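Only one structure is covered here, and it is reproduced in the block below.
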Amino acid sequence: MKLPLKRGFGRTDRIDEWWKGPTAMAAYLGLMIVYATWRGFMEADFWIFSELGYSAGVGHGAGTMAIEEHGSHVLSPLFSPLIIPGENSWIPRELQWLSPAMFILIFPAGFRATCYYYRKAYYRVFFHQPTGCAVSKPWNEYSGETGLFVVQNLHRIFMYVALIYMPILTWDFLLSINLDSEHSGLEIFNPEIVTVGSVVLLINVLMLSGYTFGCHAFRHVVGGGANKWTGRPMNRIKYMMWRVSTYLNENHKDWALYSLFWVMFTDFYIWACTDPLFGWTDMILWGGP
Ligand code: FES
């Protein structure tokens with residue numbers, strides 16, 4: 001049944017400022033996408049980008065991807081795990097002109113692009129499906145998640161891969177509080193150095209945990225299809241995990257938006273501390289070489 005809507009893109013009988021939310025969301029998501037793409041390409045060695053980055057692949061060290069000034073290692077999450085073709089991976093040396101981000105960003109990007117919350121957000125602001133409640137949109141039909149959009153069903157697979165990133169990013173945090181020279185073992189409770197960069201990395205891990213463990217698919221994996229929450233220890237563990245996931249899931253939108261901002265901020269902080277253009281220094285808060 002078609003509602004008696006005014007015809008013409010954006011026309012409506014609504015008298016509130018309905019366009020403010022979608023406009024802000026379009027600006028926010030657009031900015032994040034442009035920034036991540038720019039940073040990913042910055043460390044590539046082709047075209048105009050060869051002048052900008054210091055790609056690890058051509059012997060310039062970690063470039064703007066990691067702060068290494070105090071003997072610790074503060075790696076940007078946009079480049080973690082750091083894959084350098086021909087050196088620490090099965091990726092051939094011939095691909096060194098690509099940015100390390102290009103080998104790994106597909107998974108977090110796929111995780112977010114297929115997330116139930118982000119789907120709602122970008123279907124509205126980028127595809128106008130719908131433009132807003134009771135607001136006329138540029139096209140009338142909605143064919144659902146068919147055709148190319150069936151790839152959205154891969155969300156659960158992306159979620160499994162995203163889970164692998166959590167220990168990797170935690171490891172990065174541990175590297176940031178331990179000095180290279182003392183690498184007999186990583187200490188969690190006995191750090192050798194704490195910089196602003198390590199705190200930024202830790203917050204990033206916490207924010208991403210809140211986002212990932214509150215994922216609808218993760219909540220279903222731990223709690224779906226379970227009829228009993230008591231009795232066997234495994235049931236009780238599942239119940240506990242489901243409770244935590246449900247708690248996080250209630251604010252999944254906030255976790256999604258804030259964790260995205262923090263990933264980009266973490267990368268920006270590391271870029272600013274490694275590029276003379278900004279001249280920032282990663283301040284030591286405790287310990288040191
Ligand atoms: S639903 Fe948002 S991350 Fe899975």
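Throughout, residue positions are numbered sequentially from 1 according to the sequence presented. When reading the values below, keep in mind they use all heavy atoms of this one structure, side chains included, and skip hydrogens, waters and symmetry mates. Counting convention: from 1, in listed order, for ligands and their atoms alike. This structure is a prediction, so every number in the text was calculated from the model and none was measured.
Defined by atom type and a distance below 3.5 Å, a donor-acceptor pair is present between the side-chain atoms of Thr195 and Asp282. With hydrogens and angles left out, the side-chain atoms of Arg112 and Ser259 include a donor and acceptor closer than 3.5 Å.
Of the residues listed (Thr274, Leu82, Val74), the one engaging Met65 in a side-chain contact (heavy atoms from CB on, under 4.5 Å) is Leu82, and it is the only one. Each of Trp262, Trp280, Phe261 was compared with Phe268 under the ring pair (Phe, Tyr, Trp, His ring centres under 6.0 Å) criterion, and only Trp280 meets it. Looking at Tyr247, Tyr117, Tyr211 one by one, the single match for ring pair (Phe, Tyr, Trp, His ring centres under 6.0 Å) with His252 turns out to be Tyr211.
Proximity to Cys115 (heavy-atom distance under 4.0 Å) selects the following atoms of ligand 1: 1 (S), 2 (Fe), 3 (S). Per-residue contacts place Phe111 under 4.0 angstrom from the following atoms of ligand 1 (heavy atoms of the residue considered): 3 (S). When each atom of ligand 1 is checked for a heavy atom of Tyr116 under 4.0 Å away, the hits are 1 (S), 2 (Fe).
Heavy atoms of Phe218 stay at 4.0 angstrom or farther from ligand 1. The closest approach between His252 and ligand 1 falls below 4.0 Å for a heavy atom of the residue. Residue contacts with ligand 1: Tyr118 is excluded, as none of its non-hydrogen atoms falls under 4.0 Å.
To the nearest 0.5 Å, the span separating CG on Asp172 from CG on Asn204 amounts to 9.5 Å.
Rounded to 10°, the angle that SG of Cys215 and NE2 of His155 form at atom 4 (Fe) of ligand 1 is 100°.
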